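The structure under discussion appears below in the form of structure tokens.
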Amino acid sequence: MMELSKRNLKRKAPELDPAIVDFSLDELNQDLLERVLSWLPTSSFYRLRSVCKRWSSVAASASFRLACSQIPTRDPWFFMVDSHLDQSIVFDTAERNWKNLNHPVLVKEDNPSFSSIPVASSGGLVCFRNNSGDLFVCNPVTSACKALPPLPASAQNQALNAIAMNSYSRDSYKIIVVFGEIPNLSVRVYDSSRGFWEDKFMLSRKSDESAGLDASGDETLYFLSKAGDVVATNMQRSPSKQYSSVVTAKDGEEIVYFLSLSGTVVACNLNKKCFLEYPRLLPVFLEYSVDIVECRGEMLVVVLSEFLESASLRVWKFSERERSWRQVGAMPPSMSHEFYGKKTDINCVGSGYQILICVNSSEFSTNVLCDVATNEWIELPKCFVDGKAKDFMSAFSFEPRIEACV
């Protein structure tokens, strides 16, 4: 009797209007069709041309790109970097799968020794640098590419510390380069809206010892080389992360962060034209592998270290109020213990609340996605190309936007 009562309480499904059932997207005018299609995932962009002639025309329409630009945000893609630099593979966080962009994003010339690697990203764009020191900005989705004017000869003869990128609007971006050796640091900025490199300016060291920002001490760092050897010398980066840096906008001030040769975090305030070094997270002999990322406008540091016969992978944030580092995330010990004793190197990139960590050693390679807000850690599935698993050295995050202009 009770079961019968429950069945009687179920609502009858409403009958659909035949006019709605028979509705087709073909009945929309061009403007409405473009607005509807603009909400589709960016991965659908590649399939629009094969649906029909009308949809193919939409994919190439300037008004469709305008409609896409009005979509507030897109789930990020991670542009993956392997040792061969011969393919354009991304990880789509919306669909949680790997994609081959099927077009050559890397900029090459007739010279077979000429190659380029990604060095920075922002918004919907990725910046590449070739072995001649030239910079290129590309949209990985559309393969649109633009070569930037060469840096002045005087700048090319200086030591290069950092290359950062900041998209301050949908159709404009800045490329920021930091030259010199501490304490003699200089900055040059390329503004796409102006189309040229601005005059360089010097950075003065900000003295803040009372605030606990004294980075003095032993400059020798025991770091992990890509060959898997622990070396007592200045810190080095894998080629794609050699000039790794991030940009944040804080209280109206633009700040570029990068890792010094000794492994300290350097903060360059572009508005005040000064810099400072943050204190070390760990004593030199404990520091194992470190990288910096940007998440939701904050600079975070990811550190892999070994202690008490186990490996620890943690995320740190510098507290301005307490003038010290505060832990904001930690990989579960059951996951990080796998890295112990394997001379593991990490290269990281942030996007929103997510951090993608490329973990490499001579024995294995894996990619882990961390959600800083929930402290959730997920190992990504392996990426197979022609039946072989790809090992990625690093990654760069970008918003997949077909309207992003180079």
Side-chain angles (χ1 to χ4, degrees), residues 20 23-79 88 90-97 99 101-103 105 118 120-127 137-146 164-175 190-195 246-249 252 254 294-298 349-354 356 371 373 396-406:
I20 297 177
F23 176 78
S24 171
L25 287 177
D26 293 335
E27 298 180 19
L28 292 177
N29 62 41
Q30 191 72 6
D31 181 61
L32 284 177
L33 177 64
E34 291 176 353
R35 291 188 183 184
V36 170
L37 296 180
S38 68
W39 284 93
L40 292 175
T42 305
S43 57
S44 303
F45 171 74
Y46 299 107
R47 298 189 289 267
L48 289 181
R49 300 179 185 275
S50 60
V51 175
C52 62
K53 290 184 178 180
R54 188 185 182 196
W55 284 34
S56 178
S57 66
V58 167
S61 168
S63 55
F64 173 62
R65 292 173 184 263
L66 177 62
C68 290
S69 69
Q70 296 171 354
I71 305 302
T73 59
R74 302 279 190 187
D75 290 324
W77 285 6
F78 292 103
F79 186 93
S88 302
V90 299
F91 182 78
D92 184 343
T93 61
E95 299 183 359
R96 294 281 171 158
N97 59 19
K99 289 181 171 61
L101 298 184
N102 294 320
H103 58 254
V105 172
S121 63
S122 182
L125 304 174
V126 178
C127 179
V137 174
C138 298
N139 182 331
V141 179
T142 64
S143 74
C145 185
K146 176 183 178 180
M165 187 175 187
N166 186 19
S167 297
Y168 53 91
S169 71
R170 292 288 168 81
D171 54 0
S172 301
Y173 58 87
K174 290 181 181 179
I175 302 293
Y190 173 83
D191 191 328
S192 67
S193 63
R194 299 182 180 182
V246 298
V247 185
T248 65
E254 200 170 24
E294 181 271 332
C295 289
R296 306 291 292 183
E298 298 275 357
V349 62
S351 179
Y353 288 111
Q354 300 181 95
L356 178 63
D371 189 313
F396 290 84
S397 65
F398 68 99
E399 270 193 272
R401 289 187 169 274
I402 66 170
E403 76 277 7
C405 299
V406 297

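Start at 1 with the first residue, then count along the sequence. Quick caveat: nothing in here was measured; it's all calculated off a predicted structure.
Remark: Q354 engages P76, T93, R96, L369 in a side chain to side chain contact (heavy atoms under 4.5 Å, CB included) (not counting sequence neighbours). Every residue two or more places apart in sequence or in another chain was checked for a ring pair (Phe, Tyr, Trp, His ring centres under 6.0 Å) with F64, and none qualifies. Scored by the side chain to side chain contact (heavy atoms under 4.5 Å, CB included) test, T73 finds E399 as partners (sequence neighbours excluded). Under the salt bridge (Lys or Arg N to Asp or Glu O under 4.0 Å) criterion, R35 pairs with D31, not counting sequence neighbours. Under the rule for a side-chain hydrogen bond (donor to acceptor under 3.5 Å, both in side chains), the partners of S172 that lie at least two apart in sequence or sit in another chain are S169. Looking at residues two or more places apart in sequence or on another chain, you find no side chain to side chain contact (heavy atoms under 4.5 Å, CB included) involving A249. In this structure, the salt bridge (Lys or Arg N to Asp or Glu O under 4.0 Å) partners of R194, at least two apart in sequence or on a different chain, are E198. Every residue two or more places apart in sequence or in another chain was checked for a side-chain hydrogen bond (donor to acceptor under 3.5 Å, both in side chains) with E294, and none qualifies. Residues that satisfy the side chain to side chain contact (heavy atoms under 4.5 Å, CB included) test with N166, not counting sequence neighbours, are S122, V247, E254. In this structure, the salt bridge (Lys or Arg N to Asp or Glu O under 4.0 Å) partners of K99, at least two apart in sequence or on a different chain, are D92, E95. The side-chain hydrogen bond (donor to acceptor under 3.5 Å, both in side chains) search around D75 returns none, not counting sequence neighbours.
Taking all atoms of both residues into account, the shortest heavy-atom contact from W39 to P72 is CH2-CD, 4.1 Å. Closest approach of I402 to C68, counting heavy atoms only: CD1-SG, 3.9 Å.
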Please step through side-chain contact (heavy atoms from CB on, under 4.5 Å) for the pair F91 and N97, ending with a clear verdict.
CA-CA 6 Å; F91 182 78; N97 59 19; 5.6 Å; no

Assess the residue pair V126 and V137 against the criterion (side-chain contact (heavy atoms from CB on, under 4.5 Å)); give the C-alpha distance rounded to whole Å, side-chain angles, the decisive distance to 0.1 Å, and a yes or no.
CA-CA 6 Å; V126 178; V137 174; over 6 Å; no

Intermediate values then yes/no, side-chain contact (heavy atoms from CB on, under 4.5 Å), C127 and I175
CA-CA 8 Å; C127 179; I175 302 293; 4.0 Å; yes

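The CZ atom of F396 lies 6.5 Å from the OG atom of S121; values are rounded to the nearest 0.5 Å. The CZ atom of F78 sits 5.0 Å away from atom OG of S351, with the distance rounded to the nearest 0.5 Å. Here the CG-OG distance, from L356 to S397, works out to 9.0 Å after rounding to the nearest 0.5 Å. For the atom pair CE (M165) and CZ (F398), the distance works out to 11.5 Å, reported to the nearest 0.5 Å. The CG atom of N139 sits 3.5 Å away from the OG1 atom of T142 when rounded to the nearest 0.5 Å. Distance CG/L125 to CZ/F79: 12.5 Å, rounded to 0.5 Å.
We find that R401 and E403 are joined by a salt bridge, their nearest charged nitrogen and carboxylate oxygen being less than 4.0 Å apart.
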